[in-house]
A.B. asks: 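I'd like to ask some things about the structure below.
As the structure is a prediction and not an experimental result, all values here were calculated from the model.
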Amino acid sequence: MSKRESTSDPADIKESLDELVHKLDQGKSSSSSWSDSIGANKEEWEQLKNKIQERQRALKQLVTDKKAGLVGIAEFETRYRKLQDELTELETIVYNMKLGTDVK
């Protein structure tokens, strides 16, 4: 059986999702795991946090510029989508680090 076939098997998908949901559980073990992950990767966490904050500020400034008429609709939509995609990518990295997975 190929890898592709096994990933389309509903039982495999359910098991994989159940595993992720368990890892997302907000209990004491999840909190401890999160703290351990931050401690082990402190420099990377700080870089990710700074990048996320930077993109959020850029997004806020873009909205402000649009409201002020400094940015046209087409440019706004292009830049907005790009910033949102970057934020999504950064947040995915954070979740993967938290969960110890490689979800895309």
A.B. asks: Can you check side-chain contact (heavy atoms from CB on, under 4.5 Å) on Thr78 and Glu75, steps first, answer last?
C.D. replies: CA-CA 5 Å; Thr78 301; Glu75 182 182 355; 5.8 Å; no
A.B. asks: Pairs in or reaching into residues 82-94: which pass salt bridge (charged side-chain N to carboxylate O under 4.0 Å, His left out), with residues at least two apart or in two chains?
C.D. replies: Arg55-Glu86, Lys82-Glu86
A.B. asks: Could you check if a side-chain atom of Met97 sits within less than 4.5 angstrom of a side-chain atom of Leu48, using non-hydrogen atoms only?
C.D. replies: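 Counting from C-beta outward, Met97 and Leu48 do come under 4.5 Å.
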A.B. asks: Got a second to check how far Tyr95's OH is from Thr88's OG1, nearest 0.5 Å?
C.D. replies: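 Output value for this atom pair is 10.0 Å.
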A.B. asks: Could you go through the side chain to side chain donor-acceptor pair (under 3.5 Å) check for Asn50 and Glu54 one step at a time?
C.D. replies: CA-CA 6 Å; Asn50 290 335; Glu54 181 182 297; over 6 Å; no
A.B. asks: Considering non-hydrogen atoms only, spot the tightest contact between Leu62 and Tyr80 and give its length.
C.D. replies: CD2-N, 3.5 Å
A.B. asks: Please determine whether a side-chain nitrogen of the Lys or Arg among Glu46 and Lys49 lies less than 4.0 Å from a carboxylate oxygen of the Asp or Glu.
C.D. replies: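 Looking at Glu46 and Lys49, the cut-off is met.
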A.B. asks: Report the C-alpha separation of Val94 and Ile52 in whole Å, then their side-chain angles, then the decisive distance to 0.1 Å, and conclude whether the side-chain contact (heavy atoms from CB on, under 4.5 Å) test is met.
C.D. replies: CA-CA 10 Å; Val94 169; Ile52 289 170; 4.0 Å; yes
A.B. asks: So with a 6.0 Å cut-off around CD of Glu43, is the heavy-atom count from everything else above 12?
C.D. replies: no
A.B. asks: Please list, chain by chain and in numerical order, all residues satisfying side chain to side chain donor-acceptor pair (under 3.5 Å) with Gln56, sequence neighbours excluded.
C.D. replies: none
A.B. asks: How close do Val71 and Phe76 get, counting heavy atoms only, and between which atoms?
C.D. replies: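 That closest heavy-atom pairing would be CG1-N, 3.5 Å.
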